[in-house]
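Because only heavy atoms are used, hydrogens play no part in the values below, and waters and symmetry mates are left out as well, while side chains stay in.
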Amino acid sequence: MNEYSKTPLLDTIRTPDDLRKLKVEQVRQVADELRQETIDAVSVTGGHFGAGLGVVELTTAIHYVFDTPRDRLIWDVGHQAYPHKILTGRRDRIRTLRTGGGLSGFTKRSESDYDPFGAAHSSTSISAGLGMAVARDLAGGKNNVIAVIGDGAMSAGMAYEAMNNAGAMNSRLIVILNDNDMSIAPPVGAMSAYLSRLYSGKTYRTLRDAAKQINKRLPKILANRANRVEEYSRGFMMDGGTLFEELGFYYVGPIDGHNLDHLLPVLKNVRDMETGPILVHVVTQKGKGYGPAEASADKYHAVVKFDVATGTQAKAKPNAPAYQNVFGQSLVKEAEKDDKIVAITAAMPSGTGVDIFNKAFPDRTFDVGIAEQHAVTFAAGLATEGYKPFCAIYSTFLQRGYDQIVHDVAIQNLPVRFAIDRAGLVGADGATHAGSFDNAYLGCLPNFVIMAAADEADMVHMVATQVAINDRPSALRYPRGEGRGIEMPDVGVPLEIGKGRMIRQGSKIALLSFGTRLAECEKAADELAAHGLSTSIADARFMKPLDTELVLKLARDHDVLITVEEGSIGGFGSHVAQYLTDQGVLDTGMVRFRSLVLPDVFQDHDTPSAMYGRAGLDAKGIVAKVFEALGKDVKTETVKLA
């Protein structure tokens, strides 16, 4: 029996060229089968789910109407592109999504010609699309460029910067606004669909251009009045379009993104327009066509493997609390004692643990949308008035607010508290979401206190420490996932700033950890002890200010000193090396110093353990680095020991 018997028409489609050979009345069946295949695939792999289901018809319609990949199709964020991947020659690999060596969970240029721009952060599509459209114009080309962007991504300033530029340049660019939260448009019906077809059709556009020519010959007061009548009538009929028209876009919509009888003719009209830019407003439903997702509050935004029949997700029971929840719970306890504490997030309340704070203190919680730059400066403004803002943003997203961190926070020495989630490698989301660089990009800034939690218990104390730091900015980094399952303190106690702690005392090898690699250092120390190498372990706790007394003692009392961190070159290890060289410690050769950092590449997605293994940041890698520093071969030494 054919494995794909539920999808007979989809089975005939290898690429969109095959799709475009079908009759228009067959497109509905393709979309239905594509939805079924997406549900089946994600039930096996897990991953982003609701957004992909919401754009099944839109994906099918775009590839049917436009000549992809010659026409460039850019998916903003890219997390909704699983149906797109199935239609563009990757169906045979769709069940490898987000696994080592498998398909990316986002669009990726190196993966397919049908992915002209890689993404995973939001709000980049219109800027990239405009660049492609201008390149086409400079080269004398005729192809279309289509950017599909969600209403959430439209909350970012970058989208408006791009639209403002596109409207001024008048380049032919098609932006499809995928409105799936009903945050912009009311429910749409037959009248809206009819008007959208009318306004996007050539007859109306020809009449409109003719009217413009006539207006030029009218006295100015009459011409202005005529323009306003047309603008108001279109604005009244189409509701949310006035803003986009003001930015210089020709607005079409809103139309039902699940009704192919509405979508296909409008997209054909838009394709055949000779001027631009154009914005097509499409209203869709996240999780469409899968009951459990439609009924869920988050529309099954992201899922682990699940049972298709029931929607039950196969989540393993956690052995320990997730770091983000420890942060949220700790902040609530602190805020009960201090009414100046407020929490800020940029569209990631549940991902950062701010949702826990929000339940306790809704009036002191601010989700500013996908606007990291604004979030940072908003926090700075709160800090100037004596409040204690905790700005909780993923490491990889905080990169987007870097100028604001420097200019608005650090230079003014304002006590904004950064809670940096997803520090280090994140597994299935890959390079775009890995928190690889915050040690480096924050460590070089004057005035900062920078901490990393080694475990969930220490994190409670670090939140308390941030509350107490009221004279400068501070940052606390912590990873994705669960803690170690250790005993938790009842209350957080502020730590002494810039002081680390000894975990284990030895005499020959010193491992100085910054962050949650401490557990791997302990495993490595056990193995080194088995080789007869007495090993000390220290937890730095602070990268800035550095515990120089601890660093100097470890260097003077051991033959080898190795720093270990979940970050790129230029971070904690670089700060330790700088101090040791400044003190002349490395001049005498009294200690062999090495630093273990993430490799100087963007690592592809895999399980976190496999990624850290490849990076040499697990116990095995630490032991190997020790032997390398000693000038010995770990394999030979293991054989000798045996």
Side chains of [X] and [Y], heavy atoms from C-beta outward: is any pair under 4.5 Å?
{"X": "I503", "Y": "E522", "value": "yes"}
{"X": "T45", "Y": "T96", "value": "no"}
{"X": "V326", "Y": "M488", "value": "yes"}
{"X": "V376", "Y": "L398", "value": "yes"}
{"X": "N447", "Y": "P473", "value": "yes"}
{"X": "F627", "Y": "H531", "value": "yes"}

* **Contacts of S474 that satisfy side-chain hydrogen bond (donor to acceptor under 3.5 Å, both in side chains) - sequence neighbours left out** =>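 For S474 the side-chain hydrogen bond (donor to acceptor under 3.5 Å, both in side chains) partners, ignoring immediate neighbours, are Q466.
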With [X], which residues qualify under ring-ring contact (aromatic ring centres under 6.0 Å, His included), at least two apart?
{"X": "H407", "result": "none"}
{"X": "H461", "result": "none"}
{"X": "F378", "result": "F366, H374"}
{"X": "F390", "result": "none"}

For the aromatic rings, using the six-membered ring if either is Trp, is the centroid distance between Y441 and F437 under 6.0 Å?
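No; F437 has its ring centre 6.0 Å or more from that of Y441.
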Quiz item: Is the H301-H79 ring centre distance short of 6.0 angstrom?
Solution: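 Centroid distance H301-H79: below 6.0 Å, so yes.
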Between [X] and [Y] (side chain of the first, backbone of the second, donor and acceptor by atom type, cut-off under 3.5 Å), is there such a pair?
{"X": "T107", "Y": "F117", "result": "yes"}
{"X": "R594", "Y": "V560", "result": "no"}
{"X": "E111", "Y": "S104", "result": "yes"}
{"X": "Q578", "Y": "V576", "result": "no"}
{"X": "T377", "Y": "A380", "result": "no"}
{"X": "Q324", "Y": "G353", "result": "no"}
{"X": "S155", "Y": "I370", "result": "yes"}
{"X": "S123", "Y": "A153", "result": "yes"}
{"X": "E456", "Y": "P321", "result": "no"}
{"X": "H605", "Y": "G102", "result": "yes"}

Look up atom [atom1] in [X] and atom [atom2] in [Y], then write down how far apart they are to the nearest 0.5 Å.
{"X": "L550", "Y": "L512", "atom1": "CG", "atom2": "CG", "value": "6.0 Å"}
{"X": "I356", "Y": "N325", "atom1": "CD1", "atom2": "CG", "value": "4.0 Å"}
{"X": "L561", "Y": "K553", "atom1": "CG", "atom2": "NZ", "value": "13.0 Å"}
{"X": "K620", "Y": "E527", "atom1": "NZ", "atom2": "CD", "value": "9.5 Å"}

Would you say that more than 12 heavy atoms from the other residues, nucleotides or ligands in this model lie under 6.0 Å from the [atom1] of [X], or not?
{"X": "L586", "atom1": "CG", "value": "yes"}
{"X": "D600", "atom1": "CG", "value": "no"}
{"X": "R484", "atom1": "CZ", "value": "yes"}
{"X": "Q583", "atom1": "CD", "value": "yes"}

Just to verify, which of V368, T365, T352 counts as forming a side-chain contact (heavy atoms from CB on, under 4.5 Å) with I344?
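With I344 as partner, side-chain contact (heavy atoms from CB on, under 4.5 Å) holds for just one option, V368.
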Q | Passing candidate, side-chain contact (heavy atoms from CB on, under 4.5 Å) with F418, options V409, L442, I393 | A |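 Passing option: V409.
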Start with the C-alpha distance between I126 and M154, add both sets of side-chain angles, then the distance that settles side-chain contact (heavy atoms from CB on, under 4.5 Å), and finish with yes or no. CA-CA 10 Å; I126 304 175; M154 271 288 192; 4.0 Å; yes
Q: Provide the full list of side-chain hydrogen bond (donor to acceptor under 3.5 Å, both in side chains) pairs with a residue in residues 382-403, sequence neighbours left out, each pair given once.
A: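 Qualifying pairs, neighbours excluded: H121-T396, D338-K388, Y394-R422, S395-D438.
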ask   = Does any pair with a residue in residues 503-513 pass side-chain hydrogen bond (donor to acceptor under 3.5 Å, both in side chains), and if so which ones, sequence neighbours excluded?
value =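 Those involving residues 503-513 are R504-D526, Q505-S536, S507-S534, K508-D559.
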Minimal non-hydrogen separation, [X] against [Y], with atom names:
{"X": "V354", "Y": "A392", "value": "CG2-CB, 3.6 Å"}
{"X": "A343", "Y": "L331", "value": "CB-CD2, 4.1 Å"}
{"X": "A434", "Y": "V426", "value": "N-CG2, 3.8 Å"}

Sidechain N-carboxylate O distance under 4.0 Å for [X], [Y]:
{"X": "D606", "Y": "R614", "value": "yes"}
{"X": "E628", "Y": "K625", "value": "yes"}
{"X": "D429", "Y": "R480", "value": "yes"}
{"X": "K108", "Y": "D604", "value": "yes"}

Practice task
Could you check L425 against Q603 for side-chain contact (heavy atoms from CB on, under 4.5 Å), going step by step and ending with a plain yes or no?
Solution key: CA-CA 9 Å; L425 300 175; Q603 282 184 266; 3.6 Å; yes
### Task
Could you walk me through whether H433 and F106 pass the side-chain contact (heavy atoms from CB on, under 4.5 Å) test, one step at a time?
CA-CA 11 Å; H433 282 59; F106 304 96; 3.5 Å; yes
Any pair with a residue in [range] that passes salt bridge (charged side-chain N to carboxylate O under 4.0 Å, His left out), sequence neighbours left out, goes on the list, sorted by first then second residue, please.
{"range": "residues 369-381", "answer": "none"}
{"range": "residues 538-547", "answer": "D458-R541, K499-D547, R501-D539"}
{"range": "residues 115-124", "answer": "R90-D115"}

Write out all pairs satisfying ring pair (Phe, Tyr, Trp, His ring centres under 6.0 Å) with one or both partners inside residues 320-355, taking only residues at least two apart or from two chains.
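Sorted pair list: F327-Y478.
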Taking ring pair (Phe, Tyr, Trp, His ring centres under 6.0 Å) as the cut-off, I'd like each qualifying pair that reaches into residues 543-601, sequence neighbours left out, listed once.
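Ring pair (Phe, Tyr, Trp, His ring centres under 6.0 Å) check on residues 543-601 returns F514-F572.
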Tell me, with the steps shown, if R517 and D618 meet salt bridge (Lys or Arg N to Asp or Glu O under 4.0 Å). CA-CA 8 Å; R517 291 287 96 191; D618 58 0; over 6 Å; no
